[in-house]
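The chains referred to below are lettered A, B, ... by the order of the sequence lines, with proteins before strands, and numbering in each begins at 1.
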Amino acid sequence: MTPARRETLLWIMQRASAAVLALCVLVHLVTVVYAVRGGLSAAEILGRTRGSAAWLAFYSLFVLAVSVHAPIGLRAVALEWLGWRGASRDWVMVAIGSALALAGLRAVFAVFL
Amino acid sequence: MLCSRRSGRSRAKALPPEPAVIASTETQATTTTLQVDIWRGGATGCLRRYQVPRRDNQTVLDVVTYVQRHLDPTLAYRFACRVGMCGSCAMTVNGVARWTCRTHVSKVMRGARLEIAPLRNLPVIRDLACDMREFFEKWTQARGRFAPTRTRREDFALIPPESRERRAVDAAIECIGCGVCYASCDVVAWNPDYLGPAALNRAWTLANDVRDAGRIERLRAVAGDAGCHACHTHLSCTERCPKKLSPTAGIAGLKRAVALAALKGEL
């Protein structure tokens, strides 16, 4: 793959994940406000999320979009602020993306199972 | 006189506590006198204060020319056409990059003061003259040269003025290469490899030229973290462009064109 193609595909992935995140953040905030204003207890929230395939799918998508979006943005920040480029930067970003996915999915499954 | 150092590409902040004053001896009637602080030197230098007679319809270039002709003939600066066509007289005026030949003093002076310095993001040769090589080399890197598909034996290409491509070219073609956008761009300051708004704007005009043969090679040249994808859409270039062009819009167009080419496997 040419560097131009790689950079462009990363850019597309970041923009696409941003579009997903815009929707997810909106739904998430509305959900949080609803839960707080409605005075739902933790047990009541868990009662709704446990075994719900819809919440599982929604928050899994949210987490995966974050895991794609954040490392690509950090990669650009690393170049502009630290002048860091090359394979080492890319591997660190893969690690950060993986850590975000792992931690996020763990939390999603914790309220699903 | 306050001496400071222009470290690398950016000008050191320098406000003169008590600059050396070189006063005009001219006796023409003027309503007031301008206090003009002008950068003298290269990477290291000083702001030096001059007293210049204030005149009606006076441009910043008039002020600099007055200083050079009447007060200090060693002042180095660059200009040619004086009518906003050649793009050679751009300078930093009161902290903002501008074309000086079409900038009226009345629009930019603070009180009766002006601070005139060389453009940011470019090495200073001396005083107000910058080395523009890096700026124009980036036009070359962005494949800013037309690649013809026809020979002189063939007829003229007919391009409908109302076509989408031609309208996109029209919106961006009037660049005079003054470097104001380049000096105003924060991304250039952060990432010296970044091609900059002017080179990318040029690439955008050629990407829309239906006669051009180098489209894919050009899109390849402008993709990536030194090209269009580095743009943060701060819009400083669009805000400051004296020709009222929008390099930001051109860069956004390049991002779309490059993305499409990448998805088609052409990059």
Side-chain angles (χ1 to χ4, degrees), chain A residues 1-26 28-29 60-101, chain B residues 7-10 120-121 138 141-143 185-197 199-200 203-204 206-207 214-234 236 248 250-267:
Chain A
M1 188 184 293
T2 62
R5 184 147 198 263
R6 186 187 63 231
E7 296 296 326
T8 307
L9 291 178
L10 283 173
W11 180 82
I12 292 171
M13 285 162 64
Q14 204 196 17
R15 289 304 183 275
S17 56
V20 172
L21 283 174
L23 190 68
C24 289
V25 168
L26 194 69
H28 177 66
L29 289 178
S60 298
L61 179 69
F62 196 161
V63 165
L64 292 176
V66 168
S67 314
V68 170
H69 188 81
I72 301 174
L74 271 179
R75 186 174 175 271
V77 173
L79 171 67
E80 283 174 7
W81 288 51
L82 308 172
W84 186 14
R85 57 182 80 225
S88 62
R89 177 185 62 156
D90 290 344
W91 281 116
V92 168
M93 295 309 151
V94 168
I96 290 173
S98 307
L100 283 172
Chain B
S7 54
R9 303 156 58 81
S10 60
R120 281 174 72 223
N121 294 338
K138 287 182 175 176
Q141 288 169 29
R143 300 285 195 277
C185 179
D186 287 332
V187 182
V188 174
W190 297 331
N191 179 3
D193 293 335
Y194 178 48
L195 293 171
L200 293 171
W204 174 240
L206 289 170
R215 190 167 193 276
I216 294 302
E217 201 179 321
R218 185 171 301 106
L219 292 182
R220 207 172 280 146
V222 301
D225 54 19
C228 61
H229 295 127
C231 173
H232 285 244
T233 320
H234 286 164
S236 303
T248 314
I251 294 168
L254 282 176
K255 286 176 181 172
R256 289 192 298 273
V258 166
L260 212 61
L263 292 174
K264 287 181 183 171
E266 293 174 338
L267 286 188

Practice item. Can you tell which part of A/Thr2 gets under 4.5 Å to a heavy atom of chain B, answering side chain, backbone, both or neither? Key: side chain

Check your understanding: Rounded to the nearest 0.5 Å, how far does CZ of A/Arg85 lie from CG of B/Asn191?
Key -> 6.0 Å

Exercise for review: Determine the option with the most heavy-atom pairs under 4.5 angstrom with chain A, choosing from B/Val187, B/Val222, B/Asp225.
Suggested key: B/Asp225

Check your understanding: Between atom CZ of A/Arg6 and atom CG of B/Leu267, what is the distance when rounded to the nearest 0.5 Å?
Key -> 12.5 Å

Practice item. Measure the spacing between NE2 of B/His229 and CZ of A/Arg15 and express it to the nearest 0.5 Å. Key: 8.0 Å

Check your understanding: How many angstroms lie between atom CD1 of A/Ile12 and atom CG of B/Leu260, to the nearest 0.5 angstrom?
Key -> 8.5 Å

Review point. Looking only at heavy atoms, what is the nearest atom pair of B/Ala230 and A/Glu80, with distance?
Key: O-OE2, 3.9 Å

Study note, to complete from the structure: Heavy-atom closest pair (A/Thr8 atom, B/Ala223 atom, distance to 0.1 Å) is OG1-CB, 3.6 Å

Exercise for review: Heavy atoms only: give me the nearest A/Glu7-B/Gly224 pair and the separation to one decimal.
Suggested key: CB-CA, 3.5 Å

